[in-house]
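This report concerns only the one structure given below.
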There are 2 protein chains.
Amino acid sequence: MDIFDIAKLAGVSRKTVQRVLNDSPQVRTETRERILKIMEEHQYQPNVSARRLVKKKTHTIGLFIIQDPGKDRIYSDDLFYSVVIGAVINACSLRGYKVLVTMAEVDNPSPVLKLYREKSIDAGIIISWSSVQSIVDEILSANFLVGVFDQNNLTHRTSSIPMPVLENEASAMEATRHLLQLGHEEIGIITGDQDNPAAVERLNGYQKALKEAGIRVKPEYIYTGRFVEESGRDAVHHWIRQGDLPSAIFCSNDHIAFGALKALKEAGRDVPRDVSLIGFDNILLTEYTSPALSTMNVPRVEMAVALVEELIQRVEGEPYETMSPFQATLVIRNSCLEKKA
Amino acid sequence: MDIFDIAKLAGVSRKTVQRVLNDSPQVRTETRERILKIMEEHQYQPNVSARRLVKKKTHTIGLFIIQDPGKDRIYSDDLFYSVVIGAVINACSLRGYKVLVTMAEVDNPSPVLKLYREKSIDAGIIISWSSVQSIVDEILSANFLVGVFDQNNLTHRTSSIPMPVLENEASAMEATRHLLQLGHEEIGIITGDQDNPAAVERLNGYQKALKEAGIRVKPEYIYTGRFVEESGRDAVHHWIRQGDLPSAIFCSNDHIAFGALKALKEAGRDVPRDVSLIGFDNILLTEYTSPALSTMNVPRVEMAVALVEELIQRVEGEPYETMSPFQATLVIRNSCLEKKA
DNA sequence: CTGAAAGCGCTTACAG
DNA sequence: CTGAAAGCGCTTACAG
């Protein structure tokens with residue numbers, strides 16, 4: 001069943017059928033409807049491969065999940081990106097694009113390049129916990145189009161790569177201000193990996209908020225950790241050992257907050273009565289801990305949608321403007337309380 | 001840069017290049033290597049659309065995420081399927097297949113049918129929390145190939161649909177036996193939705209295990225719930241109100257167990273000291289609750305891999321055998337303890 | 001064993 | 001406005 005068969009059945013030329021497919025106006029309504037009915041009856045759908053071959057467009061976006069043996073595996077350990085993946089797929093679909101999902105290892109990006117070269121995709125989006133600078137450089141130097149979801153995956157930004165930007169500093173300020181407003185003055189921070197720009201920016205935001213409130217930044221209250229649970233535990237143990245546990249802690253991500261929460265409980269400290277805890281990211285888990293964790297919600301869906309929008313606009317050669325930066329917003333649950341008198 | 005250009009550069013006929021692409025033996029090693037080198041230098045990859053057009057094979061599997069407004073949304077609320085999705089993608093990739101991921105609503109499967117009709121995919125796999133019987137029937141009656149991940153999505157099974165089968169009854173028996181072995185005799189069960197076959201099978205397994213141990217099945221200890229947290233809470237509240245709380249509870253899935261855990265805590269009962277709790281599924285959350293939840297691990301990755309294998313074998317017209325059934329295995333964490341003397 | 005030709009199912013540019 | 005032809009980049013069946 002091809003376009004020619006439809007034409008024969010309808011008693012018109014192939015061209016007329018083509019016009020119907022293209023929503024071209026120059027077909028009489030009557031004829032158009034007859035043709036549409038025949039297509040419907042025969043479940044006709046134009047062959048995608050044939051169309052792609054001549055149009056040189058695939059209407060397909062490659063979603064590259066770049067795994068790193070050393071990090072959380074997206075799709076198994078990871079609780080942050082599944083929402084993003086879903087949002088990307090939905091957003092593409094709304095724009096009439098299909099999504100080809102591929103997993104690749106960070107040190108072997110050749111499957112990704114292959115997809116571009118064999119013309120399976122028009123553009124790609126990278127999701128990863130690692131630096132993907134080298135992959136991106138390769139894609140760019142081959143003159144293909146790629147977007148990156150997370151600004152921390154790249155060491156140098158460039159306008160040629162669509163990428164949503166999260167204002168980490170301002171968001172961290174907001175988290176810290178929340179603790180300040182509850183009357184806390186002894187506020188600690190457990191930072192993320194210091195080679196990660198987001199970690200540094202969040203630390204800066206914390207410091208700014210304290211200064212803004214006229215509170216001295218106490219170096220002892222800055223615990224340099226990594227973006228993992230273990231750092232939360234370590235920090236709490238450290239502070240308890242020093243006999244100087246802050247009354248509120250800003251955890252640079254939710255995983256750190258889980259670690260801190262567990263360690264505090266084990267040490268017989270109640271959250272939030274003895275210590276207030278706030279996280280960052282708002283991963284799904286935060287609703288399930290007890291107490292449920294207050295945190296900063298990263299607008300992952302909006303960021304994903306904006307990324308897809310800009311990428312597709314570029315693919316289609318439409319005018320586009322780079323996305324405006326995103327802010328995380330405070331989600332108040334049950335892990336923060338007013339400072340005890 | 002097409003196959004003809006490569007041929008010209010190598011000074012051979014197009015046919016010879018073709019032979020190299022097909023790994024055909026009848027090309028002199030010397031010539032083959034020269035051609036391969038030229039392809040490499042020019043980053044040549046045969047155009048996928050052209051090849052598909054003539055081969056009438058896409059080497060692509062459609063992964064259909066069928067959402068239901070009334071249920072958990074896969075990719076946002078769901079903690080069970082992300083592992084499955086990852087496994088499907090990986091397994092396909094190992095077999096040289098691409099994966100086109102599509103979301104559709106349970107009451108509007110037409111985007112799914114379209115993918116088959118326009119020849120974007122060779123076969124599909126359905127992942128869903130709902131019944132997809134009508135979609136599957138439509139696909140089958142149009143003579144396309146589809147696999148279903150979860151046996152509960154279908155009301156009648158048929159050998160024409162590849163589908164991994166989990167032995168719910170035997171697995172539930174094992175969970176119950178674990179509680180029995182810890183010396184518990186007052187063992188309750190919180191069931192899942194009774195219109196869900198898995199829920200019924202798990203209930204049967206629970207009853208069988210008790211009988212096997214010579215313990216009377218006490219109707220009061222069977223709480224008919226649904227596969228959601230709320231049922232866990234409700235059951236605990238109910239039993240406490242009745243003044244007859246079991247000393248151990250088999251929760252028909254992990255979400256129920258979370259609900260039970262929370263309600264028990266709120267009621268001042270310690271898990272596992274006062275009440276032992278075991279779940280089912282082993283979703284990611286189970287490691288994060290306190291105490292961490294003992295549960296039955298559903299071998300989702302193995303099931304996904306087997307499903308992909310069988311599906312691709314069918315696509316390729318290879319001989320295949322239907323998968324053998326799968327068993328959940330006990331994962332012991334910290335939510336079960338020996339019965340107090 | 002090699003080469004020239006036809007064909008996959010569309011789209012598009014070009015005559016009539 | 002309509003129709004016949006060429007072409008997208010491959011593969012395959014068919015002569016030589």
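Here C:dC8 presents its C1' atom at 13 Å from CG of A:Asp5, a figure rounded to the nearest Å. Between the P atom of C:dG9 and the CG atom of B:Leu53 lies a distance of 7 Å, rounded to the nearest Å. Between the CZ atom of A:Arg19 and the C1' atom of D:dT2 there is a distance of 7 Å, rounded to whole Å. Put simply, CD on A:Glu118 is 20 Å from P on D:dC8, counting in whole angstrom units. One can place NZ of A:Lys57 at 19 Å from C1' of D:dG9, the figure rounded to the nearest angstrom. Taking atom NZ of residue A:Lys56 and atom P of nucleotide C:dG9, one finds them 19 Å apart after rounding to whole Å. Between the CG atom of B:Asn47 and the C1' atom of D:dG9 there is a distance of 6 Å, given to the nearest Å. Between B:Ile3 atom CD1 and D:dC8 atom C1' the separation is 14 Å, expressed in whole Å.
Using a 4.0 Å cut-off between charged side-chain N and carboxylate O, A:Glu318 and A:Arg95 make a salt bridge.
No donor-acceptor pair under 3.5 Å is formed between the side chain of B:Arg117 and the backbone N or O of A:Asn47.
When each of B:Leu79, B:Val84, B:Val83 is tested with B:Tyr81 by the rule side-chain contact (heavy atoms from CB on, under 4.5 Å), just one qualifies, namely B:Val84.
No more than 12 heavy atoms of other residues, nucleotides or ligands lie within 6.0 Å of NZ in B:Lys37, so this atom counts as exposed by the packing criterion.
Look at D:dA13: it lacks any Watson-Crick or wobble partner with both distances under 3.5 angstrom.
Side-chain nitrogen and oxygen atoms of B:Lys119 include none within less than 4.0 Å of the OP1 or OP2 phosphate oxygen of C:dC8. Contact annotation: A:Tyr44 reaches the phosphate of C:dC10 (side-chain N/O to OP1 or OP2, under 4.0 Å).
Checking C:dC10, C:dT12, D:dC10 against the side-chain heavy atoms of A:Asp2 singles out C:dC10 as nearest.
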